[in-house]
Protein chains: 2
Amino acid sequence: MGSKITSTLTHMDGLAFNVELGGHTFVIDSPNPKFGGKDRGPSPKSLILPALGGCTGMDVASILQKMRVPFTGLEVTVEAETNDQHPVYYTELRITYTVRGKGIDRKKVERAVELSRTTYCGVSFMLEPRSKITHEIVIEEA
Amino acid sequence: MGSKITSTLTHMDGLAFNVELGGHTFVIDSPNPKFGGKDRGPSPKSLILPALGGCTGMDVASILQKMRVPFTGLEVTVEAETNDQHPVYYTELRITYTVRGKGIDRKKVERAVELSRTTYCGVSFMLEPRSKITHEIVIEEA
């Protein structure tokens, strides 16, 4: 059986909305004053970046922990590129995984990233028909 | 020319990440203690809901303002349903637009929603290959 989730967005003023999501609240807004945005929170579309980076980042953190890879730091950056006409969407999403620690086995990190991409990460599964998703792994001995 | 945007996610502990996005910061986490989640913020995948609802909600707010529709309230709810195997993703996304005001012209609201869906909303464009997206409009005389 699948599960359900609901989010409620209440218009504030201009283009800002108050978001309720799983018991958490935050504000989204447009960063563009030309359209009445006041940058009071992230733009809705940009939430796609932490949705993707967080989904795969949690997979990788969890798999590395299970593999007993002794990482002391993990950073995931997502860079997105848009097209230039309506609808404006992310044509490319580049994920960089930076894993820090002593004697990190790159092969294990590659395996964790691969498992996320092919098996676990529902967000990359949803985005891949429209967006070219690429990744890079950086190991930092520290 | 398209534009670029970057988000950086820094692993905290367990499955939580600190997110930097367009100058705004927030925490994402898993709500599931079974996987080490502590629900310190929304889950990454769930950010898809306000990404979609906010994208189309901003379109609709903006178009209604241009059409001089005198709405006094606008609420957008997004309900998502998942499948039950990996990768877990949103098979269905149901959007409800509730517009409040005196003498709101339903046809104009329908037109605004339609313009968002077919022309402006890049998030629905990205999600529609995998997720069935439906919508409903509720007008509340107030």
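Residue numbering restarts at 1 for every chain, and letters A, B, ... go by the order of the sequence lines. In what follows, every heavy atom counts, from backbone to side chain, and hydrogens, waters and symmetry copies are set aside.
One hydrophobic cluster holds both A:Phe35 and B:Ile63 under the rule that ILVMFWY side chains link at heavy-atom gaps under 4.5 Å. Note on B:Val27 and B:Leu21: separate hydrophobic clusters, where clusters join Ile, Leu, Val, Met, Phe, Trp and Tyr whose side-chain heavy atoms are under 4.5 Å apart, directly or indirectly. Hydrophobic clustering (ILVMFWY, side-chain heavy atoms < 4.5 Å, transitive): B:Met67 and B:Val99 are in one cluster. Residues B:Ile137 and B:Val60 share a single hydrophobic cluster, defined by chaining ILVMFWY side chains whose heavy atoms lie under 4.5 Å apart.
Within the 4.5 Å cutoff, side-chain heavy atoms of B:Leu47 are placed close to those of A:Pro50. Side-chain contact between B:Ile28 and A:Met58 is present, with heavy atoms from C-beta onward closer than 4.5 Å.
Residue contact with chain B, scored on non-hydrogen atoms closer than 4.5 Å, involves the backbone of A:Val88 exclusively. In this structure, chain B has heavy atoms under 4.5 Å from both the backbone and the side chain of A:Ser30. Heavy atoms closer than 4.5 Å to chain B are found in both the backbone and the side chain of A:Thr10. Of the two parts of A:Asp39, the backbone and the side chain both hold a non-hydrogen atom closer than 4.5 Å to a non-hydrogen atom of chain B. With a 4.5 Å cut-off on non-hydrogen atoms, A:Gln85 does not touch chain B at all. A:Arg40 touches chain B through its backbone: at least one of N, CA, C or O sits under 4.5 Å from a heavy atom, while the side chain does not. If you measure heavy-atom distances from B:Tyr120 to chain A, the contacts under 4.5 Å come from both the backbone and the side chain. Proximity to chain B is absent for every atom of A:Pro31, based on heavy atoms less than 4.5 angstrom apart. Contact of A:Phe125 with chain B is made through backbone and side chain together, with heavy-atom distances under 4.5 Å. For B:Glu92, no part sits under 4.5 Å from any heavy atom of chain A, backbone or side chain. With a 4.5 angstrom heavy-atom cutoff, B:Ser46 touches chain A via backbone and side-chain atoms both. In this structure, chain B has no heavy atom under 4.5 Å from any part of A:Glu20. Proximity to chain B is limited to the side chain of A:Phe26, based on heavy atoms less than 4.5 angstrom apart.
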Evaluation steps, side chain to side chain contact (heavy atoms under 4.5 Å, CB included), between A:Leu49 and B:Leu9 = CA-CA 10 Å; A:Leu49 279 69; B:Leu9 291 79; over 6 Å; no

A:Leu127 vs B:Leu127, side chain to side chain contact (heavy atoms under 4.5 Å, CB included): CA-CA, chis, key distance, verdict = CA-CA 6 Å; A:Leu127 297 174; B:Leu127 298 174; 4.3 Å; yes

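Here the closest non-hydrogen pair linking B:Ser62 and A:Leu15 is CB-CD2, 4.0 Å. When all heavy atoms of A:Met126 and B:Tyr89 are compared, the closest pair comes out as CG-CB, 3.7 Å. The two residues A:His86 and B:Thr119 make their nearest non-hydrogen contact at CB-O, 3.2 Å. Taking all atoms of both residues into account, the shortest heavy-atom contact from A:Asp84 to B:Gly2 is CB-N, 3.8 Å. Nearest approach of B:Gly14 to A:Gln65, heavy atoms of both residues: O-NE2, 3.6 Å.
Counting heavy atoms of neighbouring residues, nucleotides and ligands inside a 6.0 Å radius, atom CZ of A:Arg111 does not exceed 12 of them. By the 6.0 Å contact criterion, CZ on A:Arg100 is enclosed, its count of non-hydrogen atoms from other residues, nucleotides or ligands being greater than 12.
Interface summary for chain B: among A:Asn83, A:Asp59, A:Val19, A:Thr77, the most heavy-atom pairs under 4.5 angstrom belong to A:Thr77. Ranking A:Glu128, A:Glu75, A:Arg94, A:Met12 against chain B, the residue ahead of the rest is A:Glu75, based on heavy-atom pairs under 4.5 Å. Between chain A and the residues B:Gly37, B:Ala80, B:Ser43, the largest count of heavy-atom pairs under 4.5 Å involves B:Ala80. With respect to chain A, the highest number of heavy-atom pairs below 4.5 Å among B:Asn18, B:Thr96, B:Leu74 belongs to B:Leu74. Options B:Gly54, B:Gly122, B:Ser3 differ in how many heavy-atom pairs under 4.5 Å they form with chain A, and the most are formed by B:Ser3. Chosen from A:Thr8, A:Ile5, A:Ile48, the residue pairing most often with chain B at heavy-atom distances under 4.5 Å is A:Ile5. Ranked by heavy-atom pairs under 4.5 Å with chain B, the list A:Ala61, A:Gly22, A:Gly57, A:Pro42 is led by A:Pro42.
Remark: the backbone N or O of A:Val78 is not paired with any side-chain donor or acceptor of B:Ser7 at under 3.5 angstrom. Remark: side-chain polar atoms of B:His24 are paired, donor with acceptor, to backbone N or O of A:Gly41 under 3.5 angstrom.
A tilted orientation is assigned to the rings of B:Phe71 and A:His11, their planes being inclined by 30° to 60°.
Annotation: the span from A:Thr6 atom OG1 to B:Glu81 atom CD amounts to 10.0 Å, rounded to 0.5 Å.
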